[in-house]
Number of protein chains: 2
Amino acid sequence: MAKHPTKQSIGVAVDNCIFSIKNGELYILLIQMKKKPFTGMWALPGGLIHEHEEPDAAAHRVLREETNVAHLYLEQLYTFGKIKRDPAGHIISVAYLALMPMEEAHLKTLLKYFDVRWSKFSELPRLAYDHEEIAAYAKQRLEWKLEYTNVVWSLLPDRFTLTDLQKVYESILGRKMDKRNFRKKIMSLDLVEEAGGKIARGAYRPATSYKFTSRKPKIVDILS
Amino acid sequence: MAKHPTKQSIGVAVDNCIFSIKNGELYILLIQMKKKPFTGMWALPGGLIHEHEEPDAAAHRVLREETNVAHLYLEQLYTFGKIKRDPAGHIISVAYLALMPMEEAHLKTLLKYFDVRWSKFSELPRLAYDHEEIAAYAKQRLEWKLEYTNVVWSLLPDRFTLTDLQKVYESILGRKMDKRNFRKKIMSLDLVEEAGGKIARGAYRPATSYKFTSRKPKIVDILS
DNA sequence: CCAAAAGTGTTAACGCTACACCCATGT
DNA sequence: ACATGGGTGTAGCGTTAACACTTTTGG
């Protein structure tokens, strides 16, 4: 139901909320802005959609600007359109949720920003625009996704231990889980299988190495 | 992360997927277009967002153009942005899901369309743009919402019978349910209460009249 | 009195939760 | 030998799923 696009002057941007896990803690990728009026502030990586570019493609492009990852999960989150969300004018932002294993993410230093950095989600600084709202929304969606789908594959490297897996759930959902019940549930869903070999991470007993049976999105009730 | 909106010429529209229930069947509100190149085709009601208008406000405005409803549920669905989705140019559409009781929806006849009509969702005609995709997505979201929230209130009038309620679930989820288990579940959730009085709808035993205890959105696992 | 929808309980299977001890390794 | 995380089973409880007959009304 559209008419004459030339009559509008609404801008369309994408913003990426990129999550990852390190040492059983949730991190989010932030950039430090040069541009006024937010000079020095932190924000989500994003940018205007190009001419003849689809929103999904723009999100991928912005993502590749800061990092290069093979195993990646990306989904559209929500479109934020408050009039005053951008002081530069009426800019609507299509927000995306991205998940990646931090081991595979090599950050690039960019001229257009002062800095690009993984920041603990629990110590989120003030963000530019309405990006705090976007980040909070993304966190909620992530919680839901963990509980009802198998997306967790997108946060872990190829090989991992069951304790690694459990820590992802515990840190994101913010509650401790029972080790035995957790393993029973995970194994009954056929999400993972033994990869052969052990992973040693200290002066203790090494853990069995696991891998995901599939890295395709699936709906599965994982945790109540 | 936006720069200079004047450099873009992307249009932004909203499209509403409006569902309702009649005689235990799911209906969707469609308009028949006059505008070329879709003259005579059916489509979802929608339109470009105005200058200085927020997407939510645009969705409400478009909704008021075709109907006037008090009890209404409206939520953003997804933003569709395929390059070729609109032959008029690069127009991104923020799609909305709306739910209303059909009794309260008085359709307005509009000059800009040939017709505005409730159509059975099961007999959906070919739609203009990518509106078939939007409608399919909306239907999925509706199914999920029914199972995990109390939105069903938005599809029924003030007073209704438990059989009415069950038929809403059966028609949208596409499966029969056990009457006794259904009632047990609904009553245990305190979603509804007796409204006093009976509702007779034929030559048979009249049913107890119920009303919702609350018409505010809530998360509640209703059906597995 | 007949047709049609309203209304009402019990049981068995399953899934979830809670809970404690031994094992393997490096220092 | 010890400190630390890895690894394993069972029993009680609550929830879900399957199932059939009686009641009320209008015609």
Side-chain angles (χ1 to χ4, degrees), chain A residues 21-25 146-150 156-157 159-171 173-211 219-224, chain B residues 21-25 146-150 156-157 159-171 173-211 219-224:
Chain A
I21 290 278
K22 194 169 75 177
N23 301 329
E25 212 169 341
L146 270 196
E147 292 191 282
Y148 295 106
T149 77
N150 66 340
L156 286 170
R159 303 301 157 98
F160 53 89
T161 69
L162 291 183
T163 302
D164 292 340
L165 187 62
Q166 185 174 343
K167 275 187 181 163
V168 174
Y169 280 92
E170 290 183 339
S171 60
L173 300 180
R175 55 189 155 99
K176 291 286 174 203
M177 294 175 186
D178 181 89
K179 205 198 315 185
R180 282 174 289 191
N181 293 339
F182 180 82
R183 288 169 184 228
K184 236 181 305 170
K185 192 63 191 276
I186 293 294
M187 299 318 286
S188 76
L189 291 169
D190 287 322
L191 288 184
V192 300
E193 58 190 2
E194 294 198 16
K198 302 272 181 184
I199 298 176
R201 255 205 282 275
Y204 326 119
R205 174 176 176 176
T208 309
S209 167
Y210 283 84
K211 64 182 178 188
I219 303 277
V220 285
D221 273 32
I222 294 192
L223 301 163
S224 58
Chain B
I21 290 277
K22 194 170 73 179
N23 300 331
E25 212 170 341
L146 270 196
E147 290 191 285
Y148 295 105
T149 77
N150 66 339
L156 285 170
R159 303 302 157 97
F160 53 89
T161 70
L162 291 181
T163 303
D164 292 341
L165 188 62
Q166 186 174 344
K167 276 187 180 160
V168 173
Y169 281 92
E170 290 183 340
S171 60
L173 300 180
R175 53 188 156 99
K176 290 288 174 202
M177 294 175 185
D178 181 89
K179 205 199 316 185
R180 281 174 289 192
N181 292 340
F182 180 82
R183 289 170 182 228
K184 237 180 301 169
K185 192 64 190 278
I186 294 294
M187 299 318 286
S188 76
L189 292 168
D190 286 322
L191 288 185
V192 300
E193 59 190 1
E194 295 197 14
K198 302 272 180 183
I199 297 177
R201 252 199 290 269
Y204 325 118
R205 174 173 177 177
T208 309
S209 167
Y210 283 85
K211 63 183 179 187
I219 303 279
V220 285
D221 273 31
I222 293 191
L223 301 164
S224 58

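So you know, we letter chains A, B, ... as the sequences are listed, proteins then strands, and number each from 1.
Scored by the ring pair (Phe, Tyr, Trp, His ring centres under 6.0 Å) test, B:Phe160 finds B:Phe212 as partners (sequence neighbours excluded). Under the side-chain contact (heavy atoms from CB on, under 4.5 Å) criterion, B:Arg201 pairs with B:Thr161, B:Asp164, B:Ile199, sequence neighbours left out. B:Lys22 is linked by a side-chain contact (heavy atoms from CB on, under 4.5 Å) to B:Tyr27, B:Met102, counting only residues two or more places apart in sequence or in another chain. Applying the side-chain contact (heavy atoms from CB on, under 4.5 Å) rule to A:Thr149 yields the partners A:Trp144, A:Lys145, A:Val151, A:Ile219; only residues at least two apart in sequence or on another chain are considered. For the side chain to side chain donor-acceptor pair (under 3.5 Å) test, no residue two or more places apart in sequence or in another chain qualifies with B:Lys179. Residues forming a side-chain contact (heavy atoms from CB on, under 4.5 Å) with A:Ala200 (at least two apart in sequence, or on another chain): A:Pro206.
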Base-contact (B) and sugar-phosphate-only (S) positions in nucleotides 6-14 of chain D, heavy-atom cut-off under 4.0 Å, - elsewhere: BBBBB----
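Applying the ring-ring contact (aromatic ring centres under 6.0 Å, His included) test to residues at least two apart or on different chains, the pairs with a partner in residues 178-205 of chain B are B:Tyr169-B:Phe182.
Computed from coordinates, the A:Glu147 CD to C:dC16 P distance equals 13 Å when rounded to whole Å. For the pair A:Lys185 NZ and C:dG15 P, the interatomic distance rounds to 9 Å; values are reported in whole Å. Rounded to an integer number of Å, the gap from A:Ile199 CD1 to C:dT25 P is 15 Å. A:Arg175 has its CZ atom 9 Å from the P atom of C:dT17, to the nearest Å. Rounding to whole angstrom units, NZ of residue A:Lys176 and P of C:dC19 are separated by 17 Å. Rounded to an integer number of Å, the gap from CZ of B:Phe182 to P of C:dA6 is 12 Å.
Axis deviation across the helix from C:dC1-D:dG27 to C:dT27-D:dA1 amounts to 0°, comparing end segments of five pairs, rounded to 10 degrees.
Considering every non-hydrogen atom in both A:Glu25 and A:Ser171, the closest pair reads CA-CB, 4.3 Å.
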